[in-house]
Amino acid sequence: MSEGIGLKNTGHGPGTDAYLGMVDSVTRTPDEIKRSRNLGIAYLIGAVITVAVFVQGTGGTATFNLDNDASFGIGAIPLAWICAVSLAVLGGVQISRGTANFQSALLGVAAVLFIFTLMAWAAAGQSFSLTGTLHDALKASTPLVFGALGGILCERSGIINIAIEGFLLAGAFTSAVVGSVTNLWIGMIAAMIVSSLLALLLAWLAIRFLVDQVIVGFAINFFVLGLTSFVDARVLTSNPEYNGVPTLAEWKIPLLSDIPIIGPVLFEQTIYVYLGLALVALVTWALFSTKWGLQTRAVGEHPKAAGTLGVNVLRRRYVNLAVAGAITGFGGSWWTADVGRFNENITNGRGFIALAVVLVGRHHPVGALCAALLFGFSDALALKFSFLSTSIPSEFLELAPFLVTLIVVASVGRGHRVPAALGQPYEQQ
Amino acid sequence: MTDVQSPPDAPTDSPSDPNGKRGLRDRIDTTNAITLPLLAFISALVIGTIVIAFSDIDKLQDGDFGGILTTIKDAYLALPDGAFNGWRPINETIVSTTPLLLAGLAVAITFRAGLFNIGGTGQMLVGGMCSVYVGFSMNGPSIIQIPLAVGAGMLGGIIWGIIPGILKARAGVHEVISTIMLNFIAGSLVLYFLKTDLFVREGRSDPISKLVTPEGTLPKLFAFLDRPELRAHIGFLFALAAAFFFWWLIEKTKLGFEIRAEGANSNAAQYAGMKPAFLIITSFAVAGGFAGLAGASEVLGTQGRATQGFAGDIGFDAIAVALLGRSTPVGTVLAALLFGALQAGGQRMQVETGVPVDLVLILRALIILFIAAPLLMKAIWRISAKGASSGPSFGGWGS
Amino acid sequence: MELELRGITKRFPGVVANDNVNLTIRSGEVLALVGENGAGKSTLMNILYGLYHADEGDIYIDGTPVKFETSGDAIAAGIGMVHQHFMLVPVFTVAENVVLGIEPTRGLSLDRAKAAAEVERISDEYSLGLEPDALIENLPVGIQQRVEISKVLLRDAEIVVFDEPTAVLTPQEIDDFFRIVEALKASGRGIVFITHKLTEALRVADRISVLRRGQTVGEADPSEIDEVGLAELMVGRPVQLVVDKSPAEPGASTLQVNDLHVVDASGRTLVDHTTFDVRAGEIVGIAGVQGNGQTELVEAITGLREILSGTVSVDGIDLTDASPRDVHLAAVAHVPEDRQRSGLVSEFSVAENLVLTRYHSDEFSSGVTMNWSRVRENARELVEQYDVRTPSIDTSAGTLSGGNQQKVIVARELSRDLRLVIASQPTRGVDVGSIEYIHAQVVAARDEGAAVMVVSTELDEVMALADRVIVLYRGRVVADLDRDATNHNEVGLYMAGALDQNEQASA
């Protein structure tokens with residue numbers, strides 16, 4: 001067990017051993033049981049929805065188009081039954097025994113099955129481009145990925161970032177205006193600089209003046225929304241020459257884009273997608289395998305410990321915030337590249353979804369990527385469904401990601417460990 | 001959260017340890033209760049001036065600095081003019097103040113409980129939809145229909161408000177996340193319902209509800225003047241009554257004592273036999289009731305119908321109101337009046353000088369920022385650091 | 001190396017923490033720095049370590065003045081510090097914590113293998129027994145402290161400062177600790193040992209410096225001074241080391257704890273099938289090293305923590321599933337172990353804090369409303385009666401000194417008819433005057449017929465107050481001893497887990 005203390009076994013069984021932190025692996029802890037039960041209930045609700053909605057669908061074969069030629073068909077109602085039974089069984093097992101180590105994997109499988117059933121239900125008797133939807137999902141998740149990476153850098157350094165929305169909006173605005181006067185590339189750089197400055201403002205107020213980080217972040221969102229709307233109304237409407245940039249074309253990567261299915265989904269995208277994916281890998285590596293990452297995480301977990309070892313906590317926070325702002329600002333320029341202009345409140349709450357992505361992704365870049373893809377997928381699906389003659393109101397698809405976030409955050413909420421020093425002021429003498 | 005074994009908290013050696021634990025919760029100090037908001041307001045106006053000047057690009061290009069100064073002067077003169085000069089401006093100020101005050105109280109009560117309610121918008125929307133339904137589906141008499149419609153609005157707001165309370169108390173979901181999500185969800189639901197046969201006005205394809213019946217409409221405040229354009233209604237009296245109720249609740253009741261204790265130190269509240277989960281949910285329920293009343297007052301009084309955006313940004317503006325009013329009853333009333341006046345004046349400003357009313361948004365953001373940063377205000381204005389607190393605080397994402 | 005602090009003065013708003021302090025530390029010797037809580041010891045060491053900046057005075061190394069802007073500068077000058085609150089990142093491994101700030105790298109990546117090797121080298125050299133890849137949060141306190149020590153050693157510290165290092169250790173761990181200190185001294189390092197435990201200062205120090213109210217009031221040679229003399233020097237007046245009380249007259253069994261079992265959210269056992277009782281008119285002292293289930297035991301009895309199995313009753317009334325309010329209504333007083341965390345609402349006024357647990361009674365409220373005039377009347381009475389030094393009853397409690405804050409809690413909790421008093425760490429971080437006063441109040445509660453349970457990690461406090469001593473070790477009662485039939489030494493052995501009455505009985 002450990003040297004120096006307690007060398008005797010007092011014969012009280014596992015309880016005594018557990019005292020030093022070794023949890024008995026056979027029995028489940030109350031927390032696990034509770035979480036497991038919540039997840040089980042979620043499965044059962046899914047099963048009920050499947051029976052109540054999808055099984056009652058119009059039926060017929062849903063055709064999923066893969067590539068230009070390939071496609072496959074699935075009977076909507078049989079699939080719905082398979083889904084309902086699987087979810088019910090999974091829910092039962094989850095509640096009664098838990099699924100131990102397979103929990104996450106099973107959740108993923110169940111989610112895919114459920115989504116497929118949903119798509120088959122909506123597309124029953126019609127055809128539906130699967131690759132197109134996946135392509136759009138990836139595209140729609142891109143600004144979320146940048147926003148979330150910025151959020152992760154911030155929060156891993158111990159500063160709450162509720163201002164992702166503001167940084168994105170500032171990035172969109174700046175890139176549109178600067179891009180109109182020069183070109184999109186310079187617009188992107190300007191967006192990075194402006195959002196970076198905003199992030200430094202957040203850091204400065206939080207660090208130097210101990211302002212509550214939730215309130216500063218909130219005020220920055222407000223300020224950016226007000227300022228961009230003001231300038232949009234006062235200047236841009238009457239001077240359209242300041243608000244028009246050619247949109248960015250997709251860049252097919254040679255060879256890779258020829259791979260069936262994967263090619264059109266992954267490798268016929270704009271550079272935002274490529275950069276976003278690369279950045280996820282880079283940030284993951286940097287956070288967990290470099291000196292910078294170790295110090296950053298230490299600063300977010302226990303700034304005093306880092307400070308007493310000579311790590312300059314505040315400088316680390318300022319620098320990381322500046323980088324986070326730049327990444328988020330770059331993400332904001334995505335709208336300009338996509339739409340070619342700035343509209344009032346163009347980001348429309350995507351920054352808040354990015355914040356949810358940070359939490360659902362457990363402050364890990366790869367987790368955030370997965371969560372962002374989920375939201376992107378639901379966005380893309382809402383768009384695709386509007387072309388299908390389904391009875392599902394578009395409003396429900398619009399609110400789905402928010403509802404899913406709430407449910408996910410509620411069921412994993414307590415299990416998630418945030419950086420311990422998050423939001424706490426640190427005073428360096 | 002962390003389970004690391006650490007040494008006892010015992011002897012902290014320096015009596016006034018500057019690194020000492022600051023309470024993570026709301027810390028509303030009463031010193032400087034007037035100076036700080038005033039300075040914050042002035043600071044915001046100064047920056048607003050800069051924004052007006054630099055956005056006047058035509059005059060900037062012409063080097064017409066005199067013209068810019070005139071614009072600024074006209075804009076800032078239009079603000080008080082449009083807010084107070086005559087019956088109509090005063091009426092407009094009251095119209096804007098009413099929902100701001102009610103929604104501001106909805107934020108203030110949660111601030112006192114150490115919670116951050118960003119969900120005012122959603123609570124207003126749900127409450128307003130409930131109210132408008134009773135408002136158009138019944139046919140008088142007023143004495144029954146109005147209380148029913150208003151009550152339905154409060155109930156709707158309470159239900160929508162309780163959700164983040166329960167999520168926080170039972171599942172540890174941070175209320176900032178849940179209220180933001182619930183705002184979006186409420187927005188989508190309102191849009192959906194406004195398109196259904198239940199709500200949509202006959203012969204309209206855009207999302208707009210049926211008109212509230214005359215019996216269901218809140219009586220006009222200035223009916224005695226016989227000027228129909230004065231649209232202020234008794235919703236304002238509801239708001240003042242709500243502010244009085246808030247004062248009574250917080251200052252005079254046991255529940256208020258418990259809510260304040262929970263807000264200042266949740267651990268101590270629990271130790272003292274109070275029930276944090278109950279207090280969190282109750283605070284959110286009261287908040288939802290206030291916000292629902294705001295929604296009711298908008299649809300039954302000011303607008304007479306529900307549209308997609310009838311709650312506007314009031315739920316967000318309410319945060320500025322509560323912060324500026326330091327979550328005290330009197331402060332919140334005064335702050336709501338100020339913002340109501342700004343809103344009314346801002347309309348006049350936009351019409352008369354072409355400076356967009358969005359300026360008011362900027363001013364609000366800056367006021368929030370400066371109020372939340374007393375140390376910044378003190379540094380800028382070089383006033384004494386007496387009672388220097390770091391402003392209100394809500395801690396991290398943890399449960 | 002010789003390190004000298006000359007004329008150090010440090011002021012915080014409203015208080016002078018260090019007032020013209022002089023101190024010399026030499027290689028190869030152990031200097032003990034003793035003083036009461038609030039005497040300015042930690043402030044002084046934080047200045048030495050570059051965490052605070054002195055308002056006046058200078059630091060000299062071998063006669064040359066040096067300036068420490070940050071702790072990085074102090075580290076570079078060969079100063080290391082083992083903080084009272086360990087500066088360890090709980091979710092990091094031992095190696096990650098040790099190399100933080102001086103990480104070995106290979107290219108751009110961390111060189112984890114090299115970091116682990118460094119830790120093992122240090123660990124072997126001083127027999128610290130560290131595993132580089134263990135997570136800090138899974139290690140017992142004693143091992144965590146060794147991680148702290150290895151951090152200092154890896155940075156080649158010439159002078160090592162230990163801030164209250166023994167507060168969390170078992171007597172056996174303390175022995176190990178002193179062995180490490182001897183080894184460090186033998187390797188030519190200078191040691192500063194900050195403590196308020198006089199016996200320990202006398203045991204290891206080559207020299208003792210005494211700090212009182214921010215000033216150095218004397219230096220002593222351990223061979224020429226005893227505990228009483230040192231205590232007098234520290235407090236500035238003769239100190240009564242024993243509590244004045246008559247023999248107990250125990251009555252009926254009041255608190256009955258039967259087979260109580262408590263686990264935390266992740267299933268770890270915190271209180272392990274514990275059974276004991278406390279009788280009316282006696283003080284039972286719960287002794288044990290910090291973290292052996294005392295906190296959780298008290299929380300379980302007072303309704304603040306869920307009980308997995310077993311029962312708790314007071315005068316026959318079952319309180320097993322009671323809420324804190326139920327426990328309060330059963331005439332149980334609870335002085336919580338951490339007054340800042342849970343005993344007080346620092347933003348509230350003294351008057352409000354004086355009714356924090358009692359506001360709901362008919363005395364202070366009627367129906368749903370509060371009776372504020374009665375609350376204020378109560379506050380005036382208690383402030384007077386319990387000698388709370390406060391500018392007014394409307395002053396916020398957070399601005400009072402630790403001793404007066406504790407008196408507010410004691411006044412609130414003890415000023416009513418009681419069956420049971422539970423006092424957890426009642427004098428932690430409190431000045432000697434308040435300690436004496438609070439001890440007298442606890443004894444008075446006993447003499448009025450209440451059952452009293454005092455939980456303290458300070459063995460001296462338990463031995464001074466208790467009529468009966470119960471020792472907790474890993475959540476279990478390992479000893480139930482008559483105070484007059486035992487001694488520090490025996491209780492210490494039980495605290496360390498070296499003895500166990502259960503085994504003796506079954507053997």
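Values below: every heavy atom of this structure, side chains too, minus hydrogens, waters and symmetry copies. Labels below follow one simple rule: chain letters A, B, ... track the order of the sequence lines, proteins then strands, and each chain is numbered from 1.
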Engineer: Does any heavy atom of chain A fall under 4.5 Å from the side chain of I75(C), the backbone, both, or neither of them?
Structural biologist: side chain
Engineer: What are the residues of residues 275-284 of chain A, in order of number, with any heavy atom under 4.5 angstrom from a heavy atom of chain C?
Structural biologist: none
Engineer: Between N18(C) (side chain) and K10(C) (backbone), is there a donor-acceptor pair under 3.5 Å?
Structural biologist: no
Engineer: Please look at T105(C) and chain A and tell me whether the side chain, the backbone, both or neither of the residue comes under 4.5 angstrom of a heavy atom of that chain.
Structural biologist: side chain
Engineer: Keeping D55(C) on the side-chain end and R11(C) on the backbone end, is there a donor-acceptor pair under 3.5 Å?
Structural biologist: yes
Engineer: Check the orientation of F162(C) and F177(C). Use parallel for under 30°, tilted for 30 to 60°, and perpendicular for over 60°.
Structural biologist: perpendicular
Engineer: Run N312(A) and T70(C) through side-chain contact (heavy atoms from CB on, under 4.5 Å) and show every step you take.
Structural biologist: CA-CA 9 Å; N312(A) 191 329; T70(C) 65; 5.9 Å; no
Engineer: Between T274(C) and G475(C), is there a donor-acceptor pair closer than 3.5 Å when you use the side chain of the first and the backbone of the second?
Structural biologist: yes
Engineer: Quick check: do L88(C) and K151(C) have side-chain heavy atoms less than 4.5 Å from each other?
Structural biologist: yes
Engineer: Please confirm whether the ring centroid of H83(C) lies under 6.0 Å from the ring centroid of Y49(C).
Structural biologist: yes
Engineer: Checking W292(A) against chain C: side chain, backbone, both or neither under 4.5 Å from a heavy atom?
Structural biologist: neither
Engineer: Only pairs of heavy atoms separated by less than 4.5 Å count here; which of R112(C), E103(C), E96(C), M81(C) has the most with chain A?
Structural biologist: E103(C)
Engineer: Checking heavy atoms, do the side chain of D111(C), its backbone, both or neither come under 4.5 Å from chain A?
Structural biologist: neither
Engineer: Mind checking whether H364(A) and F288(A) have parallel, tilted or perpendicular rings, split at 30° and 60°?
Structural biologist: parallel
